[in-house]
Amino acid sequence: MLTIDVQKVLGSLELDIKLDLPMQGITAIFGRSGTGKTSLINVLSGLSKPDKGSIQLGDRILCDSAKGIFLPPEKRKIGYVFQDARLFPHYTVAGNLTYGCCDKDQTHFDDVVRLLGIDSLLQRYPSSLSGGEKQRVAIGRALLMKPDMLLMDEPLASLDLPRKQELMPYLEKLAKQVNTPILYVTHSLDEILRLADFMVMINKGQVVVAGNVNSVWGSPEMRPWLPAKEQSSLISARVNQTHPDYALTQVMLSHDACLWVSKLHRPRGEWVRVRIHSNDVSITKAKPEQTSIRNILMARIDKILSVNEEEKVAVRLRVGEAQLWANLTLWAADELCLKVGDEVFAQIKGVSVTQDDLA
Ligand SMILES: Nc1ncnc2c1ncn2[C@@H]1O[C@H](COP(=O)(O)OP(=O)(O)OP(=O)(O)O)[C@@H](O)[C@H]1O
């Protein structure tokens, strides 16, 4: 467990973070610009000292103001990947990777180089690398330290779209294959969808909501952050079967609830995360028959929020353990007389869940 309880005044921002995070997977740190995300990362890495408080990583105390403990960055065993790669221009990639690394573990070196696909770059200098390649080297350098935790501060932010797309599969591999817990600062919901297991939303220096990505994504606190077209739910499901005649894959939300989505090339049994846009979910009170809509799920209404200025109603449904938001017009909600607790059917068009919504 990473246990954080720190306070620090930074100009007009009062950073006051209390948080317990798991020692596994990727935790996305999300929030508006200037809300304290980088300041938190700097406090964790030891680049900045909290006014008060403590940080414990596993069984190691990194700082504790009451006990006068403050480990400097080099003693924390924490890797840091910045927005810009910050490589040494006069060293080759191999030189950058091993700089300051006294542990000559060739197997680990080979594993990291393979994971990040940088074997063909080892003799090149940073000036000849693309932005995405530089970031892969920077990630490799951080991993070679065998850190107890990796901090990544918007590693894709300075890259153009093609470079982001080039780096993303490596980050996805990193998320799946590396056992080091990663704290990943981002503004991008797409990166969170593809990479993160946990998510922390920070506002004005404080944690607003934290937890598993699917539950934070579906929380009312998250709704103001998702522009109308982006409002969506994330649901974890297992790949079951591909349709014998059509380019659709069936994924199971539970033993008796499934979704047909765009064809996925994943093995049966693998977990996937499915994003379902709230505008693509409709509700009926009676089970529809002879409909073009492929996905009809039994659901119970769990919450109803009016978004008056747009004459829209956001309805949160429970489908087994999963939460699903549906956006309706006020007219439709009035006509159906929807109430919390009602048993209804949620309809989702098969074509509405595309490759971009599957991770
Ligand atoms: N050393 C400092 N002295 C005074 N103010 C500071 C200092 N460091 C950070 N701040 C202020 O604290 C606030 C939070 O900054 P921080 O960089 O942590 O935000 P952020 O959430 O990472 O933003 P962004 O997403 O834009 O990178 C900003 O208003 C910043 O000006």
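This chain uses plain numbering: 1 for the first residue, then up along the sequence. Both counts, for ligands and for their atoms, begin at 1 and track the order of listing.
- The only option from Arg238, Arg294, Gln241 that meets the side-chain hydrogen bond (donor to acceptor under 3.5 Å, both in side chains) definition with Gln250 turns out to be Gln241.
- Nearest protein neighbour of atom 18 (O) of ligand 1, counting heavy atoms only, is Ser39 OG, 2.5 Å.
- Within ligand 1, counting atoms from 1 as listed, the ones closer than 4.0 Å to a heavy atom of Gly36 are 14 (C), 18 (O), 19 (O), 20 (P), 21 (O).
- Leu10 O, 4.0 Å is the protein heavy atom nearest to atom 11 (C) of ligand 1.
- Within 6.0 Å of NZ in Lys146 there are more than 12 heavy atoms belonging to other residues, nucleotides or ligands.
- From the protein, the heavy atom lying nearest to atom 17 (O) of ligand 1 is Thr38 CB, 3.6 Å.
- Salt-bridge annotation for Arg318 and Glu343: absent, with no side-chain N of the basic residue lying under 4.0 Å from a carboxylate O of the acidic one.
- Looking from atom 25 (O) of ligand 1 to the surrounding protein, the closest heavy atom is Lys37 NZ, 2.8 Å.
- Ranking the protein heavy atoms by distance from atom 26 (O) of ligand 1 puts Ser33 OG, 2.5 Å first.
- Remark: atom 31 (O) of ligand 1 lies closer than 4.0 Å to no protein heavy atom.
- Lys18 has a carboxylate O that lies under 4.0 Å from a charged side-chain N of Asp16, or vice versa, which qualifies the two as a salt bridge.
- Residue Leu13 has at least one heavy-atom neighbour below 4.0 Å for each of these atoms of ligand 1: 12 (O), 13 (C), 14 (C).
- In this structure, Ser278 contributes its side chain and Asn327 its backbone to no donor-acceptor pair below 3.5 Å.
- Atom CG of Asp245 has more than 12 neighbouring heavy atoms from other residues, nucleotides or ligands inside a 6.0 Å radius.
- For the pair Arg141 (side chain) and Gly79 (backbone), a donor-acceptor distance under 3.5 Å is absent.
- Near Thr35, meaning under 4.0 Å from any of its heavy atoms, are these atoms of ligand 1: 19 (O), 20 (P), 21 (O).
- Closest heavy-atom approach to atom 13 (C) of ligand 1 within the set Ser48, Ser12, Gly34: this belongs to Gly34.
- With a 4.0 Å heavy-atom cut-off, ligand 1 is reached by the backbone of Arg32 but not by any atom from C-beta on.
- A donor-acceptor pair under 3.5 Å links the side-chain atoms of Ser233 to the main chain of Trp325, judged by distance alone.
- Close approach of ligand 1 to His187 (heavy-atom distance below 4.0 Å) involves ligand atoms 25 (O).
- Counting heavy atoms from C-beta outward, Leu171 and Ile26 have side chains that stay 4.5 Å or more apart.
- In this structure, atom 3 (N) of ligand 1 lies nearest to the protein heavy atom Gly11 N, 4.3 Å.
- For ligand 1 and Glu154, the ligand atoms under 4.0 Å from any heavy atom of the residue are 25 (O), 27 (O).
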